[in-house]
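This structure is a prediction, so every number in the text was calculated from the model and none was measured.
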Amino acid sequence: MAAHLMDSLAQLQNLIKRDAEAYYEEFQLQHRNFLAELEIFRLKPSADGKHFQELATFLANVAACYPADLATYPAQIMTLLGDNYAVLLPEVRRTLVKALIVMRNRDLIEPTPLLKLFFELLRARDKSLRELIVTQIVSDIRNLNRDHKNNKVNRAIQNFMYGMLQDENVIAAKKSLEVMITLFRKKVWADARTANVIATATLSKVTKLVVVSIRFFLNVEEVEPDSDSEDEGAAKERERLSKKQLHQHSKKTRKRMRQEDRRVKSLRKHRGGHKDQLIFPAIQLLNDPQGLADKLFGRLKTSTDRFEVRLMQLNFLSRLIGQHRLIVVNFYSFVQRYLQAHQANVTQILAYLVQGCHDVVPPEELAPVVKTIANNFVSDRSRVEAMQVGLNALREIVTRTPLVLEEEGMDDLVGDLIQYRKNRDKGVTAAARSLLNTIREKYPTMLKRKDRGKDAANSTARPSEYGALKGAIDVEGIELLEEYEREHGRPEGDAAWDAPADKDSDDDSDDESDADDD
């Protein structure tokens, strides 16, 4: 019987889990065999050890049954992997990693040293192993922070990962960055520290890291759902829908259909719970956006990367400027060189230019850009599509930075532009009228009286002075409350609040009358 069990480790493993004490001697024998094989592997780690893999898997699965005997077993595996992962055969390497994962899932290994080892193993030239490790890292960190934030482990791993982003191995650095991005999107590490660490990769000398980090900041609104809860939610919804369809062949009642409709709507609403989030939360969490923008612009001016990568950098820089209302000297003159109708991706460049405009931009910086767009896009020589794009871009610039209309020469330029509202093409006419309406709203006095329209004929509105702050004169949305009170009356709570005030006033009046009597 014992000899048969020695030949089948899987059967022995099953028996040990049922009765560990009865098979303690068989376990000790297999443990001694593993230690002997381990010494051989330390001398020759590149050897093909099929039996060694079987023993490692067996001991990992029974480690919970003999914690005292296998107390040093995880450290032995971790040391072997850490010292020899580059020369171990791929099969042996994956087997040892899976053994560690099994023990970690049973909480037999501390998370911090194991996660650090896994990050180091990302340097191995084994794609399937890297995918396994990344999945385990994300899953383990999520489980550690499921009930509450484990700040001690988080801080230790984040410090280690920050060093991994500077690693000479590009693959390991890229995978570490992807892990941080995944954890941010899953709201495990959705904090300012993580966002700022990821932002350092936008200044990396490695183009791959720059692309991954910028894509994160530009597309962070794509919140990655929890796969487990998503699958469970989809199954529940299918079940609800199937129950509703079952009523097609049974007695149809309005109450039954209303109940099913409410259940389905409630479930779908629960699954779509990410709609109220900020659009660019990672950009808003940056500690030093001005410093990052200056460094990024300096890198962009001397960049020799592909044009697509430079466009991505320009997009991120303009979004950074627009979100934090930054002033980056020479940014607009840098974009101006690309404002030609024949330039590739010129519509994207115009969108990035508009994205970087705000009310704190010095108008003298934007005036040359506005004139360049008007000369290169809005003329009788230009194509209809270019004229539409140019007029729409000018409208958006005026909307965001109306002070540019007070610059020298803008009166004549605006007068020429609004004449295109009489153009033959409907698209050009609509774009010119939209620009005219924007100027009527922002600065009607710069238009001739016949161009101001009825609503703005007597208006004296003009852009505020540069840097002027506009104070709030009321509470935003107060008109909605007033409308609600007119339609439905005052809530009952208001009367309850008013009652004590009346009582106090009566008491005060009584006190005053008593004092007068005295």
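Judged purely by atom type and a 3.5 angstrom limit, H358 uses its side chain to pair as donor or acceptor with the backbone of V360. Under the 3.5 Å distance criterion, the side-chain polar atoms of T194 are left unmatched by any main-chain donor or acceptor of A190. The backbone N or O of Q355 lies less than 3.5 Å from no partner atom in the side chain of R319, so there is not a single donor-acceptor pair. Without hydrogens or angle criteria, S318 side chain to N315 main chain gives a donor-acceptor distance under 3.5 Å. The main-chain N or O of S204 is found under 3.5 Å from a side-chain atom of R299 such that the two form a donor-acceptor pair. For the pair N376 (side chain) and L339 (backbone), a donor-acceptor distance under 3.5 Å is present. T135 places a side-chain N or O within donor-acceptor distance of the main-chain N or O of E131, the cut-off being under 3.5 Å. No donor-acceptor pair under 3.5 Å is formed between the side chain of D140 and the backbone N or O of Q136. The backbone N or O of V188 lies less than 3.5 Å from no partner atom in the side chain of N145, so there is not a single donor-acceptor pair.
Using a 4.5 Å heavy-atom threshold, the side chains of P368 and Y332 count as separate. With contacts defined as side-chain heavy-atom distances shorter than 4.5 Å, the pair L436/L447 qualifies. Using a 4.5 Å heavy-atom cutoff, the side chains of Q313 and V210 are in contact.
Note on ring orientation: taking the six-membered ring where Trp is involved, the planes of F297 and F334 are perpendicular (angle over 60°, cut-offs 30° and 60°).
A donor atom on one side chain and an acceptor atom on the other are found under 3.5 Å apart for Q388 and D425. Neither side chain, T429 nor N423, offers a donor N or O lying under 3.5 Å from an acceptor on the other. Counting only N and O atoms by type, the side chains of S303 and R310 include no donor and acceptor under 3.5 Å apart.
With salt bridges taken as basic N to acidic carboxylate O contacts below 4.0 Å, one links K175 and E178. We find that R421 and D451 are joined by a salt bridge, their nearest charged nitrogen and carboxylate oxygen being less than 4.0 Å apart. Between R325 and D359 there is a salt bridge, since at least one side-chain N of the basic residue sits less than 4.0 Å from a carboxylate O of the acidic one. Between E120 and K116, none of the side-chain N atoms (NZ, or NE/NH1/NH2) sits under 4.0 Å from a carboxylate O, so this pair counts as no salt bridge.
Once rounded to the nearest 0.5 Å, the distance linking OG of S213 with NZ of K208 reads 14.0 Å.
Within 6.0 Å of OH on Y338 lie more than 12 heavy atoms contributed by other residues, nucleotides or ligands. Applying the 6.0 Å contact sphere to CD of E168 captures no more than 12 heavy atoms from other residues, nucleotides or ligands.
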